[in-house]
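A quick write-up on the structure given underneath.
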Amino acid sequence: MLYPSVLEISKKAIDNNINHWRSKLKPKTILIAIIKAFAYGSDSLLIAKQIEAKVDKYAVAYCDEGLTLREGNIKKNILVLHPQTNSFPQIIENNLEPCLYSIYSLKHFIYICKKHKTENYPIHININTGLNRLGFNLNQTNELIELIRDNKYIKVVSIFSHLIASEDSLTNNITNSQISSFNSIADKVEKGLDYKIIRHIANTSGILNHKNAEMDMVRIGIGLLGFDNYKNEGLENVCSLKTQISHIHTIKKGESVSYNGEFVAEEDTTIATLSIGHADGISRSLGNENFWFSINNQKANIIGNVCMDMTMVNITGIDCKIGDEAVFFGTQDDILTISRKIGTISYEVLTMTSQRVKRIIV
Ligand SMILES: *Cc1c(COP(=O)(O)O)cnc(C)c1O
């Protein structure tokens with residue numbers, strides 16, 4: 001095999017997950033697949049193609065990510081959640097739909113639309129209901145309406161907000177107050193513009209935890225990859241990160257392994273060198289027996305420090321040979337365990353696999 005390390009993307013798991021989410025939604029609910037950041041570290045085009053028949057729209061974070069999909073011949077609507085003003089011309093030329101999040105971004109987009117002589121160009125309006133990341137503030141609603149009303153260049157397709165703590169059912173009151181302030185702004189904008197506008201606020205765990213968050217449309221990201229920030233019931237893990245054993249040898253009691261000699265063998269030890277390292281997404285903080293690779297279904301602890309391109313594991317007592325597969329993660333549990341050990345969340349672990357690792361769909 002030319003590529004010693006691969007990120008396997010399971011078709012069966014993706015199909016299962018998209019069906020799972022569809023079954024949780026009302027038939028009329030519009031489903032946006034959020035495939036930003038290489039579809040959470042996997043491959044945005046592979047995922048987009050696999051779910052094409054079952055989703056209504058796509059969303060990415062930045063313009064470039066939308067271009068990748070257009071170049072891959074994706075024809076459906078693509079929202080750009082966080083477009084930069086300098087990408088507005090390309091957004092229009094490639095028929096991407098910007099989510100505008102401030103008076104500044106709206107005015108600038110209208111200015112570019114004038115230059116391109118657009119008519120009713122589809123835009124989406126982001127309302128800040130407390131996350132304080134992006135979005136129009138409550139006191140800007142009138143100005144927002146003034147700028148859009150009677151403007152022939154643009155047309156508002158949807159209005160949305162983002163939840164602060166959708167995964168946490170203890171914060172129901174925060175979510176409910178976000179939903180009610182969002183709805184009252186959306187009412188006002190709809191009335192001011194005098195046409196029907198699609199509403200959405202739910203991400204993956206918003207769907208699971210807050211029935212009143214479903215609205216007209218939902219935005220599913222991590223749910224496609226097999227996580228719901230709860231028990232992942234009915235979901236399957238999509239991505240597995242695997243590599244190979246490239247070298248095996250035995251070291252004597254007292255010898256050290258890897259940079260800085262932090263692992264010292266207490267007895268004669270058989271070690272395998274794996275063809276993957278921190279440049280591929282194996283966090284260096286998992287070294288020195290903080291995590292393991294699965295080799296022929298047995299745990300081989302990482303010994304010593306993880307190197308840039310290689311990692312050494314202890315295979316004493318494990319039946320294996322050069323060329324055998326070593327799995328870093330292959331289940332939701334693996335990914336959650338890694339997250340805990342390095343002090344982060346599944347979202348970050350999923351996006352850690354570097355682009356050196358070949359993506360393959362199986
Ligand atoms: C990333 C993102 C999502 C997807 O969230 P998940 O928790 O992964 O489902 C939805 N909406 C916005 C605005 C986002 O930035």
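Below, each value reflects all heavy atoms present in this structure, side chains not excepted, and no hydrogens, waters or symmetry copies. We count ligands from 1, going down the list as the structure has it; atoms in each ligand are counted the same way. Sequential numbering from 1 along the given sequence is applied to the chain's residues.
- Here the heavy atom of the protein found nearest to atom 12 (C) of ligand 1 is H162 CE1, 3.4 Å.
- In this structure, Y347 and Y40 have tilted ring planes: the angle between them lies in the 30° to 60° band.
- Just one of K114, H116, K115 meets the side-chain contact (heavy atoms from CB on, under 4.5 Å) condition when paired with Y153; it is K114.
- Evaluated by nearest non-hydrogen atom to atom 6 (P) of ligand 1, the leading choice among F227, F160, Y40 is Y40.
- Side chain to side chain, Q50 and D15 meet the donor-acceptor criterion of an N or O pair below 3.5 Å.
- For atom 9 (O) of ligand 1, the nearest protein heavy atom (residue, atom name, distance) is T204 OG1, 2.5 Å.
- For Y101 and H82, the distance between ring centers is under 6.0 angstrom.
- The salt bridge (Lys or Arg N to Asp or Glu O under 4.0 Å) search around E190 returns K196, R199, not counting sequence neighbours.
- For atom 11 (N) of ligand 1, the closest non-hydrogen atom on the protein side is R219 NE, 2.8 Å.
- Looking only at protein heavy atoms, the nearest one to atom 7 (O) of ligand 1 is Y347 OH, 2.6 Å.
- Distances between N or O atoms of N229 and those of ligand 1 include no value under 3.5 Å.
- Partner L163 forms a side-chain contact (heavy atoms from CB on, under 4.5 Å) with one of L131, T129, I201 and no other, that one being I201.
- Checked against the 6.0 Å centroid criterion, the rings of F182 and F160 do not qualify as a close aromatic pair.
- Nearest-residue assignment for atom 5 (O) of ligand 1 (options N203, L134, I201; heavy-atom criterion): N203.
- Distances shorter than 4.0 angstrom occur between a heavy atom of R133 and an atom of ligand 1.
- Set against the non-hydrogen atoms of K36, the atoms of ligand 1 under 4.0 Å away are 1 (C), 2 (C), 3 (C), 14 (C), 15 (O).
- Residues satisfying the salt bridge (Lys or Arg N to Asp or Glu O under 4.0 Å) criterion with K36, sequence neighbours excluded, are absent altogether.
- Atoms of ligand 1 found under 4.0 Å from any heavy atom of I222, numbered from 1 in the order shown, are 6 (P), 8 (O), 9 (O).
- Polar contact check, L81 against ligand 1: no nitrogen or oxygen pair lies under 3.5 Å apart.
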